[in-house]
Amino acid sequence: MTPLVLALPWLAILLYARFVTRIPSELPASPVASAPDREQPSVSVIVPARNEAVNIVNCVSSLTRSTYPDFEIIVVDDRSDDATGELARSVPAGNARAIQVIDGAELPADWLGKPWACHQGARVATGDLLLFTDADTTHGPPLLARAVTALQEEEADLLTVVGRQLMESFWERLIQPHIFFLMLLRFPDFERAARGGNWRDAIANGQFMLFPRSAYEALGGHEVVKDEVAEDLAMAQTVKRTGRRLRIRSAEDDLSTRMYRSLAHLVEGWSKNIVTGGLQSFPPWVRPVIPTLSFVSGIVLWIVPPLVFIGTVAVVLLESEASGLGSRLAAQAVLVQSGTVVSLSVLTWCWFTAKMRGPAKYGLLYPLAAAVTGYIFLRSWIRGRDVEWKGRRYRLRPLSERP
């Protein structure tokens, strides 16, 4: 009984993840096109893209296969160093009314790249609804129609959709579950938070954000988040803070994203916003202690116990028969305790990795994943306001200037 009692924090985390966290409910299955008595607004799909040659054709091609009756696609080539723009122009329009690829203007000093690209796309869009989606996404044919149906049913000012995270390499399968587990610990129920009254609990998925044009313009568009590295979270908070309706739904079979393809990209990508974005969801008075508490908790929970377990196994194996009975019993007690904690941890990470549709066996390597995630967190924390992404360097405004 004693080992289980001492392992209660790890058991509590497992039970919390299993029974408290919630994935948003699915989008409506029947598309808007099946309801002829309902007005079908035109949609402008805006894709900000910088150095996305590896993704852009797949993304735009998937969008052109949408079954929604009236939509255009606008790709904003944000001054890419590769063939992003050329490749986007090579994609046939398919079911889209038109595909427009615009060359992004020079980045203003007080803007970050993605908000600036989105802003430019919105200025040339003609649709009644504006969908902002990332270049590394893949869209199923029914997705846009399903999302428009949900937006209309909910009378939302912003509908954001979460999908499946594709993890195809060793490092993706190892690291991504840890990053998203951290998010779930802070935001255990996205959908409930979106409907709640606390704007700090608001969050959105920048991979799919659908606005009525009127709501987007009333908010001030992307100009209100022009210097935000976690612009999706900041936009969601703005929606809630101004008394508008935010809704979050799921579409795991119709929306997928492969965010990063290598360890280097994982480190660079998550380093830019994991600390800054996370802190924006906490009140200013508690922000100074959050990084230290998070970093130390990660080490204590996921790295120390397996080290203790391995060390104790070595001690037990190396002890001679001459060792005192008390010493052997103490070592065995530590072994049982640490073994219980490691077992609970393995169960947690195997379950969550499988929940993200990754190979469950990667959960066995959770100490390595925790160490790399800790490094990413520490790197982001140390860099603070200095952010580098896709060849650009930014100096963010202090968190003290954010609400």
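Since this is a predicted model, take the numbers as computed values, not measurements.
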Open item on the list: Keeping Arg186 on the side-chain end and Ser281 on the backbone end, is there a donor-acceptor pair under 3.5 Å?
Closed with: yes
TODO: Determine yes or no for a side-chain-to-main-chain donor-acceptor pair under 3.5 angstrom, with Thr84 supplying the side chain and Ala53 the backbone.
DONE: yes
- [ ] State, yes or no, whether a side-chain contact exists between Thr126 and Ser44 at a heavy-atom distance under 4.5 Å.
- [x] yes
TODO: Sequence neighbours left out, what pairs pass side-chain hydrogen bond (donor to acceptor under 3.5 Å, both in side chains) with at least one residue falling in residues 369-383?
DONE: Ser271-Arg379
TODO: Answer yes or no: does atom CZ of Arg123 have more than 12 heavy-atom neighbours from other residues, nucleotides or ligands under 6.0 Å?
DONE: yes
Task: Sidechain-backbone polar pair: Lys240 side chain, Ala194 backbone, donor-acceptor under 3.5 Å - done: yes
Open item on the list: Could you report the tightest heavy-atom contact between Ala234 and Val225, atom names first, then the distance?
Closed with: CB-CG1, 3.6 Å
Task: Cation-pi geometry met for Arg22 and Phe187 (6.0 Å, 45°) - done: no
Open item on the list: With a 4.5 Å cut-off on side-chain heavy atoms, are Leu129 and Ser42 touching?
Closed with: no
Open item on the list: Is it the case that atom CD in Glu106 sees more than 12 heavy atoms from other parts of the structure closer than 6.0 Å?
Closed with: no
Task: Candidates Lys114, Arg392, Lys390, Glu52 - the one meeting side chain to side chain contact (heavy atoms under 4.5 Å, CB included) with Asp78 - done: Arg392
Task: Pair Arg89 + Asp103, salt bridge at N-O below 4.0 Å - done: yes
Task: Salt-bridge criterion met for Glu172 and Arg258 (N-O under 4.0 Å) - done: yes
Task: Exam field: side chain Arg213 to backbone Gly127, donor-acceptor pair closer than 3.5 Å - done: yes
Task: Ser169 OG to Arg261 CZ distance, which is reported to the nearest 0.5 Å - done: 9.5 Å
Task: Distance-minimising heavy-atom pair for Leu293 and Ser297 - done: O-OG, 2.6 Å
Task: Heavy-atom side-chain contact between Ile13 and Pro9 under 4.5 Å - done: no
Task: Beyond-backbone contact of Glu217 with Ser214, side-chain heavy atoms, under 4.5 angstrom - done: no
- [ ] Go through the steps to decide whether Thr160 and Asn205 satisfy the test side-chain hydrogen bond (donor to acceptor under 3.5 Å, both in side chains), and finish with yes or no.
- [x] CA-CA 6 Å; Thr160 185; Asn205 178 20; 5.1 Å; no
Open item on the list: Looking at Trp116, is its backbone amide N or carbonyl O close enough to the side chain of Gln120 to form a donor-acceptor pair, meaning the two atoms are under 3.5 Å apart?
Closed with: yes
Open item on the list: Using 0.5 Å steps for rounding, measure from the CZ atom of Phe309 to the CG atom of Leu307.
Closed with: 12.0 Å
Task: Side-chain heavy atoms of Asp70 within contact of Arg97, under 4.5 Å - done: yes
- [ ] Without swapping roles, check the side chain of Arg245 against the backbone of Glu154 for a donor-acceptor pair under 3.5 Å.
- [x] yes
Task: Sidechain-backbone polar pair: Glu252 side chain, Glu26 backbone, donor-acceptor under 3.5 Å - done: no
Task: Thr21 and Asp189, any side-chain heavy atoms less than 4.5 Å apart - done: no
Open item on the list: Using the rule given for side-chain hydrogen bond (donor to acceptor under 3.5 Å, both in side chains), can you reason through Arg173 versus Thr353, listing the C-alpha separation, both sets of side-chain angles and the distance that settles it, and then say yes or no?
Closed with: CA-CA 8 Å; Arg173 292 167 175 173; Thr353 302; over 6 Å; no
TODO: Test side-chain contact (heavy atoms from CB on, under 4.5 Å) on Leu263 and Val372 and set out the steps.
DONE: CA-CA 9 Å; Leu263 177 59; Val372 177; 4.0 Å; yes
Open item on the list: If you compare all heavy atoms of Ala117 against all heavy atoms of Val76, which two are closest, and at what distance to 0.1 Å?
Closed with: O-CG2, 3.5 Å
- [ ] Working to the nearest 0.5 Å, report the span between CD1 of Ile175 and NE2 of His178.
- [x] 7.0 Å
Open item on the list: Please report the interatomic distance CZ(Phe190) to CG(Leu246), rounded to the nearest 0.5 Å.
Closed with: 11.5 Å
Open item on the list: Please evaluate residues Leu396 and Leu112 with respect to the criterion side-chain contact (heavy atoms from CB on, under 4.5 Å), reporting the C-alpha separation (whole Å), side-chain torsions for both, the decisive distance (0.1 Å), and the verdict.
Closed with: CA-CA 9 Å; Leu396 306 179; Leu112 269 64; 3.9 Å; yes
Task: Val91 and its side chain to side chain contact (heavy atoms under 4.5 Å, CB included) partner, picked from Val60, Val75, Ile56 - done: Val60
- [ ] Indicate yes or no for a side-chain donor-acceptor contact from Ser294 to the backbone of Pro291 under 3.5 Å, with no hydrogens or angles considered.
- [x] no
Task: Identified salt bridge (charged side-chain N to carboxylate O under 4.0 Å, His left out) partner of Glu388 from the options Arg393, Lys272, Arg395 - done: Arg393
TODO: Taking all heavy atoms of Leu368 and all of Phe170, pick out the closest pair and write down the distance.
DONE: CD2-CZ, 4.4 Å
Task: Side chains of Glu228 and Gln280 in contact at under 4.5 Å (non-hydrogen atoms) - done: yes
Task: From CA spacing to verdict: side-chain contact (heavy atoms from CB on, under 4.5 Å), Val47, Leu63 - done: CA-CA 10 Å; Val47 186; Leu63 287 167; 3.9 Å; yes
Open item on the list: Please determine whether side-chain contact (heavy atoms from CB on, under 4.5 Å) holds for the pair Ser262 and Trp171, giving the CA-CA distance in whole Å, both sets of side-chain angles, and the decisive distance to 0.1 Å.
Closed with: CA-CA 7 Å; Ser262 69; Trp171 290 109; over 6 Å; no
Open item on the list: Using side-chain heavy atoms (C-beta onward) and a distance below 4.5 Å, is Phe211 in contact with Asp157?
Closed with: no
- [ ] Report the distance from atom CG of Leu184 to atom CD1 of Ile23, rounding to the nearest 0.5 Å.
- [x] 5.5 Å
Open item on the list: I'd like to know if the side chain of Asn95 and the backbone of Thr67 have a donor-acceptor N/O pair within less than 3.5 Å.
Closed with: no
Open item on the list: Can you confirm whether or not the ring centre of His222 sits under 6.0 Å from the ring centre of Tyr216?
Closed with: yes
Open item on the list: Can you confirm whether the side chains of Thr257 and Arg164 place a donor and an acceptor under 3.5 Å from each other?
Closed with: no
Open item on the list: Would you say the ring centers of Phe132 and Phe208 fall short of 6.0 Å from each other?
Closed with: no
Open item on the list: On a heavy-atom basis, which atom in Ala17 and which in Trp351 lie closest, and how many Å separate them?
Closed with: O-CH2, 3.3 Å
Task: Ring centers of Trp349, Phe181 separated by less than 6.0 Å - done: yes
TODO: Work out which heavy atom in Val161 is nearest to a heavy atom in Ser250; give both atom names and the distance.
DONE: CG1-C, 4.1 Å
Open item on the list: For Gln207, is there any backbone N or O sitting under 3.5 Å from a side-chain donor or acceptor partner on Thr133?
Closed with: yes
Open item on the list: Run the side-chain hydrogen bond (donor to acceptor under 3.5 Å, both in side chains) test on Asn58 and Ser61 for me, step by step, so that the C-alpha distance in whole Å, both residues' side-chain angles and the decisive distance to 0.1 Å come before the verdict.
Closed with: CA-CA 5 Å; Asn58 175 70; Ser61 296; over 6 Å; no
Open item on the list: Whether the Thr276 and Asn273 side chains hold a donor-acceptor pair (N or O, under 3.5 Å, no angle test) is what I'd like checked.
Closed with: no
Task: Spacing of Gln100 atom CD and Ile74 atom CD1 [to the nearest 0.5 Å] - done: 5.5 Å
